Enquirer: 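Pasting a structure below so you can have a look.
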Amino acid sequence: MSDESLYDRLGAHEGISALARTVFNNHCSNEVIKNRYVKSDPENVVQKVTEFMCAGFGGKEEYTGEDMLTAHTGMNISDEEFNAVVEDVMKALDMHEAGQREKDEILAALWSMRGEIVHV
């Protein structure tokens, strides 16, 4: 098993930025959640998601956004919407040919944040 960080295994900043863009595009075409992104600034969303993932996956980038609870409070995100986001991320990982180990680690990270996102 590689000692490389998840950050490095996903292609460092460049690979994670491309992954974040694919996730955003998946969200925008997902019937369950696409309306949540209609008024968003795509470049800002991709930047913040890239920062978040890079910082969380072992990179040196600093995340400049709000914590998950603050960012999602008042949005009343449903279980169905959360599951749609997870599916979009997994689909993006497949599109970027991520390995099973990487998918498992990211899935665990997403589920660990669920309580700070759903119904808050």
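Positions are given from 1 along the sequence. From a predicted model like this one, the values you see are computed outputs, not experimental measurements.
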Enquirer: Suppose the criterion is salt bridge (charged side-chain N to carboxylate O under 4.0 Å, His left out): which pairs have a residue in residues 103-116, not counting sequence neighbours?
Expert: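 Listed once each, the pairs are Arg9-Glu105, Asp79-Arg114, Asp94-Lys103, Arg101-Glu105.
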Enquirer: Crowded around Glu14 CD? As in, over 12 foreign heavy atoms under 6.0 Å?
Expert: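 Counting neighbours around CD of Glu14, 12 or fewer heavy atoms of other residues, nucleotides or ligands fall under 6.0 Å, so no.
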Enquirer: Run the side-chain contact (heavy atoms from CB on, under 4.5 Å) test against Ser112 and tell me which residues pass, sequence neighbours left out.
Expert: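 Applying side-chain contact (heavy atoms from CB on, under 4.5 Å) to Ser112 gives none.
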Enquirer: Could you tabulate the donor-acceptor pairs under 3.5 Å formed by side-chain atoms of residues 65-74, not counting sequence neighbours?
Expert:
{"unit_1": "Asp67", "atom_1": "OD1", "unit_2": "Leu69", "atom_2": "N", "d": "3.1"}
{"unit_1": "Asp67", "atom_1": "OD1", "unit_2": "Thr70", "atom_2": "N", "d": "2.9"}
{"unit_1": "Asp67", "atom_1": "OD1", "unit_2": "Thr70", "atom_2": "OG1", "d": "3.2"}
{"unit_1": "Asp67", "atom_1": "OD2", "unit_2": "Thr70", "atom_2": "OG1", "d": "2.8"}
{"unit_1": "His72", "atom_1": "ND1", "unit_2": "Met68", "atom_2": "O", "d": "2.7"}
{"unit_1": "Thr73", "atom_1": "OG1", "unit_2": "Leu69", "atom_2": "O", "d": "2.5"}

Enquirer: Holding to side-chain hydrogen bond (donor to acceptor under 3.5 Å, both in side chains), I want the full list of residues that pass it with Asn30, two or more places apart in sequence or in another chain.
Expert: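 Here the qualifying residues are Asp88.
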Enquirer: Out of the candidates Glu51, Gln47, Met53, only one should pair with Val49 under the side chain to side chain contact (heavy atoms under 4.5 Å, CB included) rule; please name it.
Expert: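 The residue from Glu51, Gln47, Met53 that satisfies side chain to side chain contact (heavy atoms under 4.5 Å, CB included) with Val49 turns out to be Met53.
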Enquirer: Under the side-chain contact (heavy atoms from CB on, under 4.5 Å) rule, collect the residues that match up with Lys34, sequence neighbours excluded.
Expert: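 Only Glu31 meet the side-chain contact (heavy atoms from CB on, under 4.5 Å) criterion with Lys34.
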Enquirer: Partners of Ser29 by side-chain hydrogen bond (donor to acceptor under 3.5 Å, both in side chains), sequence neighbours excluded?
Expert: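 Counting only residues at least two positions away or on another chain, Ser29 forms no side-chain hydrogen bond (donor to acceptor under 3.5 Å, both in side chains).
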Enquirer: Taking all non-hydrogen atoms of both residues, which atom of Val120 and which atom of Gly115 are closest, and how far apart?
Expert: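 Result for this residue pair: CG1-O, 3.6 Å.
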Enquirer: Write out all pairs satisfying side-chain hydrogen bond (donor to acceptor under 3.5 Å, both in side chains) with one or both partners inside residues 15-24, taking only residues at least two apart or from two chains.
Expert: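 Pairs touching residues 15-24 that pass the test: Arg21-Glu43, Thr22-His96.
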Enquirer: Can you name the ring pair (Phe, Tyr, Trp, His ring centres under 6.0 Å) partners of Phe24, sequence neighbours left out?
Expert: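 Checked Phe24 against ring pair (Phe, Tyr, Trp, His ring centres under 6.0 Å); matches are Tyr37.
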Enquirer: Within this structure, what is the CD1-CE distance for the pair Ile106 and Met90, rounded to the nearest 0.5 Å?
Expert: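 The CD1 atom of Ile106 sits 6.0 Å away from the CE atom of Met90.
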Enquirer: In chain order, what residues pass the side-chain contact (heavy atoms from CB on, under 4.5 Å) check against Glu81, with sequence neighbours excluded?
Expert: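 For Glu81 the side-chain contact (heavy atoms from CB on, under 4.5 Å) partners, ignoring immediate neighbours, are Val32, Ile33, Arg36, Ile77, Ser78.
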Enquirer: Taking side chain as C-beta onward, heavy atoms only, is Glu102 less than 4.5 Å from Leu6?
Expert: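 The answer is yes, as the side chains (C-beta and beyond) meet within the 4.5 Å cut-off.
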Enquirer: Between Ala98 and Leu10, what is the shortest heavy-atom contact and its length?
Expert: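 Ala98 and Leu10 have their closest heavy atoms at CB-CD2, 4.3 Å.
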Enquirer: Return the set of residues passing ring pair (Phe, Tyr, Trp, His ring centres under 6.0 Å) with Phe82 (not counting sequence neighbours), or none when no residue passes.
Expert: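 Expected list: Trp111.
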Enquirer: Phe57, Met95: one ILVMFWY side-chain cluster at the under-4.5 Å cut-off?
Expert: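 No.
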Enquirer: Tell me, please, which residues at least two apart from Asn25 pass side-chain hydrogen bond (donor to acceptor under 3.5 Å, both in side chains).
Expert: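 Per chain and number, Asn25 pairs via side-chain hydrogen bond (donor to acceptor under 3.5 Å, both in side chains) with no residue.
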Enquirer: Please assess His13 against Tyr7 for the test side chain to side chain contact (heavy atoms under 4.5 Å, CB included), listing each intermediate value before the final yes or no.
Expert: CA-CA 8 Å; His13 185 89; Tyr7 174 83; 3.7 Å; yes
Enquirer: Can you name the side-chain hydrogen bond (donor to acceptor under 3.5 Å, both in side chains) partners of Glu62, sequence neighbours left out?
Expert: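 Applying side-chain hydrogen bond (donor to acceptor under 3.5 Å, both in side chains) to Glu62 gives none.
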Enquirer: At what distance, to the nearest 0.5 angstrom, does CG of Leu19 lie from CG of Asn26?
Expert: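 So the CG of Leu19 and the CG of Asn26 are separated by 9.5 Å.
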